[in-house]
Amino acid sequence: MSLNYIIFRNLRKNLKNYYLYVFALVFSVALYFSFVTLQYDPSMDEVAASTKGAAAIGASSVLLIVIVGIFLLYANTIFIKRRSKEIGLFQLIGLTKGRIFGILSAENSILYFGSMAIGVLIGFLASKLVLMILFKILGVDAITKLYFSPMALMQTVIVFTIMYLLIMLMNYTFIKRQSILSLFRVSATSEQQVQKMSFGQMIVGVLGIALIVYGYFMSARLFSGEAMDMQQLMYTMILILFSVILGTYLFYKGSVSFIFNLIRKSKNGYLSIHEVLSLSSIMFRMKSNALLLTIITTVSALAIGMLSLSYISYYSAEAQAKESLPEDFSFAQVEVKNRFVTELEHKQIPYEENHRQPIYIEIDAHEVMDESMTEQYLFSSVLSDNMVDNIDLQPGEVVFMGYGNAIQQLISIQETGPIVLHGLKRTLDQQLIGTTKQGVLPSYYTGGTPVAVVDETVYQQLRQDLDPELQKPERDYYGVRILNEKQAEEAYAVYKKLELEAPSFSQIEFRNNQRNNMGLIMFIVGFLGLTFLITSGCILYFKQMNESEEEKGNYTILRKLGFTQSNLLRGIQIKQLFNFGIPLVVGLSHSYFAVKSGWFFFGTELATPTVIVMIVYTLLYSIFGLLSVWYYKRVIKEAL
């Protein structure tokens with residue numbers, strides 16, 4: 001029997017166990033090659049000019065290497081341990097460790113570089129689709145072509161060859177250090193012996209849950225409590241991160257076992273076959289995999305959170321543009337506005353003008369502001385109700401407008417209550433009668449505080465008693481609203497062509513910039529998150545493969561005792577629901593509280609974007625749970 005025969009025979013024999021590993025490797029190479037190709041694609045010039053897209057994609061490709069590298073090294077560790085008996089048998093028949101390493105290296109090189117070649121081919125074919133997706137998200141109107149980059153190929157080959165050499169170094173070290181006896185014990189040794197639940201483990205379990213709850217509580221209060229400077233904010237965020245990550249580790253180390261132990265005790269030890277196969281196994285398996293599950297959960301939460309925030313910003317771009325800029329076009333200088341409207345008239349685009357003259361005062365609002373706020377005076381812009389559509393106030397009444405989500409978290413104001421308007425020499429007692437998110441001035445005029453709308457008579461009194469030091473040099477606001485929405489893009493083309501002097505603003509430009517910036521981030525995070533999802537799902541699947549092989553003897557005994565395949569499979573389904581469901585639920589929970597603590601800085605809508613991201617992530621993640629059940633089904637079938 002030649003060595004070549006042994007190599008190809010082993011490769012064919014183990015291929016059924018490596019299919020998901022091959023898939024993840026092909027996917028990773030394809031995605032990396034596509035990313036690198038985008039850097040060198042001439043079509044990216046337009047994106048790079050406006051959003052520095054090529055640089056951002058280049059930076060993300062480094063993160064992609066880290067994710068894929070960790071996955072390949074970890075997966076190789078699992079597979080080399082599974083083949084420890086085979087390596088021991090090779091030594092028993094007289095093969096040297098160097099010869100055995102050569103056999104494994106030959107097998108691995110065929111599998112690895114074969115997968116890499118397929119991945120490069122798929123990446124090349126998919127690069128146009130990836131570029132089309134990016135352009136669609138960014139709203140770039142450009143023609144995409146299938147482009148092959150020799151530089152991208154060279155970079156991909158170098159990166160994955162280095163990974164292959166690291167894998168070979170790991171295999172060589174493993175074979176060199178192991179004796180024949182230890183090789184036969186590696187796969188049979190449990191990662192952690194089953195022990196009785198101790199009092200210390202109970203304390204660890206309770207502490208894990210307490211730390212996670214504390215982190216969630218601090219996260220919820222991050223921007224709704226007392227005002228903090230940047231240093232305090234940084235320390236608080238580090239404390240939250242430390243608390244949640246440590247709590248997650250202790251949760252897997254002790255909380256899961258503690259909760260399941262309580263369930264087992266409630267049944268007085270009388271467990272059904274389903275519970276024996278699910279609860280009892282999970283109690284001790286999760287404890288031994290606590291560090292791995294903590295990393296997977298934390299990175300999953302990070303990926304879901306970042307994708308949710310970027311999608312919130314992208315999803316809310318139009319609503320945020322309308323909230324930030326009340327009219328389609330805004331100007332601070334009448335000459336600039338006149339140039340624009342003259343061109344609109346020339347193009348026969350109907351429009352409507354709004355002229356507002358904000359004045360700036362200090363408002364004593366301590367009666368309507370939260371007691372925890374350190375500043376009780378608001379530096380605010382004031383408008384007359386005659387300058388705002390659909391508002392008619394009585395003397396003494398005030399409405400705060402432009403009180404959006406972000407301002408609400410920084411400045412907590414009640415809906416009604418007494419306030420005092422301060423002029424230079426006199427004060428006016430007023431009554432706040434409501435707040436609204438609707439904007440009436442761009443943030444250039446407001447300075448991040450709500451706009452106070454008062455009755456015309458009150459406005460005139462304040463106007464006669466202004467503090468000159470509080471007034472801005474450019475005080476007038478000129479808004480232009482396009483009456484026919486279908487001509488808004490045409491008007492924006494006029495705005496761009498004129499290259500008007502600042503300060504001038506456009507709703508469409510604001511929306512496009514928001515979508516471009518966050519769309520690129522969403523694209524990158526989405527692809528990195530998808531890569532991590534597939535690699536982490538594969539790792540959990542490989543762990544279940546190991547467990548199924550270790551428990552195969554138990555299934556043989558249970559089948560001989562009369563339990564059917566469906567009896568055993570029901571318990572396995574419950575087990576996999578917990579194995580994959582617990583990290584998923586904890587990751588989703590972490591990401592939800594992280595997003596909820598600061599989503600208002602990114603957009604106007606929380607529920608829809610976040611739910612969409614979580615549903616898609618859950619559906620993709622569930623595929624690996626179903627695959628593991630299918631693998632267990634095959635093991636149970638072969639148990640007899």
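If you're wondering where the values come from, they're calculated on a predicted model, not measured in any experiment. Index from 1, following the sequence.
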| With a 4.5 Å heavy-atom cut-off, do Ile534 and Phe71 have their side chains touching? | no
| query | Are side-chain N/O atoms of Tyr147 and Lys128 paired as donor and acceptor at under 3.5 Å? | reply | no
| task | Show the numbers, then the answer: is there a ring-ring contact (aromatic ring centres under 6.0 Å, His included) between Phe505 and Phe510? | result | CA-CA 8 Å; Phe505 312 96; Phe510 183 98; 9.2 Å; no
| note | In this structure, CE of Met163 is separated from CG of Leu73 (nearest 0.5 Å) by 8.0 Å
| query | Quick one: does Phe27's side chain get under 4.5 Å of Thr535's, heavy atoms only? | reply | no
| note | dist Asn108:CG -> Phe113:CZ (nearest 0.5 Å) comes out at 9.0 Å
| Gln507 side chain vs Leu325 backbone, donor-acceptor pair below 3.5 Å | yes
| query | Ala491 and Leu344: which non-hydrogen atoms are nearest, and at how many Å? | reply | CB-CD2, 3.9 Å
| query | Looking at CG of Leu104 and CD1 of Ile167, how far apart are the two atoms once the value is rounded to the nearest 0.5 Å? | reply | 12.5 Å
| field | Main-chain N/O of Ala321 paired to Ser324 side chain as donor or acceptor, under 3.5 Å | value | no
| said: So Ile582 and Leu577, do their side chains get closer than 4.5 Å, heavy atoms only? | reply: no
| remark: Exactly one of Gln573, Gln576, Lys575 clears side-chain hydrogen bond (donor to acceptor under 3.5 Å, both in side chains) with Tyr632, and that residue is Lys575
| query | How far apart are the C-alpha atoms of Thr618 and Leu588, what are their side-chain angles, what is the distance that settles it, and do they pass the side-chain contact (heavy atoms from CB on, under 4.5 Å) test? | reply | CA-CA 9 Å; Thr618 301; Leu588 290 175; 3.6 Å; yes
| request: Taking all heavy atoms of Phe523 and all of Val130, pick out the closest pair and write down the distance. | output: CZ-CG1, 3.4 Å
| task | Check the pair Leu627, Gln544 against side-chain contact (heavy atoms from CB on, under 4.5 Å), reporting the backbone distance first and the verdict last. | result | CA-CA 10 Å; Leu627 287 173; Gln544 295 309 304; over 6 Å; no
| message | Working note: Tyr495 + Phe329, criterion ring-ring contact (aromatic ring centres under 6.0 Å, His included); need CA distance, chi angles, decisive distance, verdict. | response | CA-CA 9 Å; Tyr495 175 85; Phe329 301 93; 5.4 Å; yes
| task | Inspect the contact between Glu509 and Lys496 and indicate whether a charged nitrogen and a carboxylate oxygen are less than 4.0 angstrom apart. | result | yes
| remark: Closest non-hydrogen atoms of Ser115 and Val22, given as atom of the first, atom of the second and distance, are OG-CG1, 3.4 Å
| query | Counting distance only, does the side-chain N/O of Ser28 pair as donor-acceptor with the main-chain N or O of Val68 below 3.5 Å? | reply | no
| Main-chain N/O of Ala594 paired to Ser597 side chain as donor or acceptor, under 3.5 Å | yes
| Hey, what do you get for CZ (Phe580) to OG (Ser622), rounding to the nearest 0.5 Å? | 9.5 Å
| For atom NZ of Lys596, is the number of surrounding heavy atoms from other residues, nucleotides or ligands below 6.0 Å larger than 12? | no
| field | Side-chain donor or acceptor of Thr297 paired with backbone N/O of Thr294 under 3.5 Å | value | no
| request: Step through the shown structure and confirm whether more than 12 heavy atoms of other residues, nucleotides or ligands are within 6.0 Å of OH on Tyr164. | output: yes
| Any side-chain heavy-atom pair from Leu72 and Tyr112 closer than 4.5 angstrom? | yes
| message | Taking CZ in Phe242 as the centre, count heavy atoms belonging to other residues, nucleotides or ligands within less than 6.0 Å. Is the count above 12? | response | no
| Yes or no on side-chain contact (heavy atoms from CB on, under 4.5 Å) for Leu606 and Ile312, after CA distance, side-chain angles and deciding distance? | CA-CA 7 Å; Leu606 168 66; Ile312 284 171; 4.0 Å; yes
| query | Counting distance only, does the side-chain N/O of Ser536 pair as donor-acceptor with the main-chain N or O of Leu533 below 3.5 Å? | reply | yes
| task | Answer whether the closest heavy-atom distance between the side chains of Thr156 and Phe160 falls below 4.5 Å. | result | yes
| said: To the nearest 0.5 Å, what is the distance between CD1 on Ile245 and CD1 on Ile295? | reply: 10.0 Å
| said: Between Thr610 and Ala607 (side chain of the first, backbone of the second, donor and acceptor by atom type, cut-off under 3.5 Å), is there such a pair? | reply: no
| said: If only side-chain N and O atoms count, and only distance matters, is there a donor-acceptor pair under 3.5 Å linking Glu605 with Ser316? | reply: no
| Under 3.5 Å, is there a donor-acceptor pair between the Ser300 and Tyr617 side chains? | yes
| remark: In terms of heavy-atom contacts, Ser591 and Ala301 come closest through CB-O, 3.4 Å
| field | Pair Tyr216, Ser589: side-chain N/O donor-acceptor within cut-off below 3.5 Å | value | yes
| query | What pair of heavy atoms forms the shortest contact from Pro326 to Gly439, and how long is it? | reply | CB-O, 3.3 Å
| Is the Phe33 ring parallel, tilted or perpendicular to the Phe148 ring (thresholds 30°, 60°)? | tilted
| Min side-chain heavy-atom separation Pro583-Tyr621 under 4.5 Å | yes
| query | Going through the distances and angles, do Glu489 and Arg511 end up as a salt bridge (charged side-chain N to carboxylate O under 4.0 Å, His left out)? | reply | CA-CA 12 Å; Glu489 290 288 347; Arg511 181 199 67 196; 3.4 Å; yes
| field | Minimum-distance pair of heavy atoms, taken over all atoms of Gly529 and Ala303 | value | CA-CB, 4.1 Å
| said: Working note: Ile212 + His590, criterion side-chain contact (heavy atoms from CB on, under 4.5 Å); need CA distance, chi angles, decisive distance, verdict. | reply: CA-CA 9 Å; Ile212 292 175; His590 288 357; 4.0 Å; yes
| said: Within the 4.5 Å heavy-atom criterion, are Lys497 and Val494 side-chain neighbours or not? | reply: no
| message | Once rounded to the nearest 0.5 Å, what's the spacing between atom CG of Leu540 and atom CG of Leu293? | response | 6.5 Å
| query | Taking C-beta and beyond as the side chain, do Tyr252 and Val586 meet within less than 4.5 Å on heavy atoms? | reply | yes
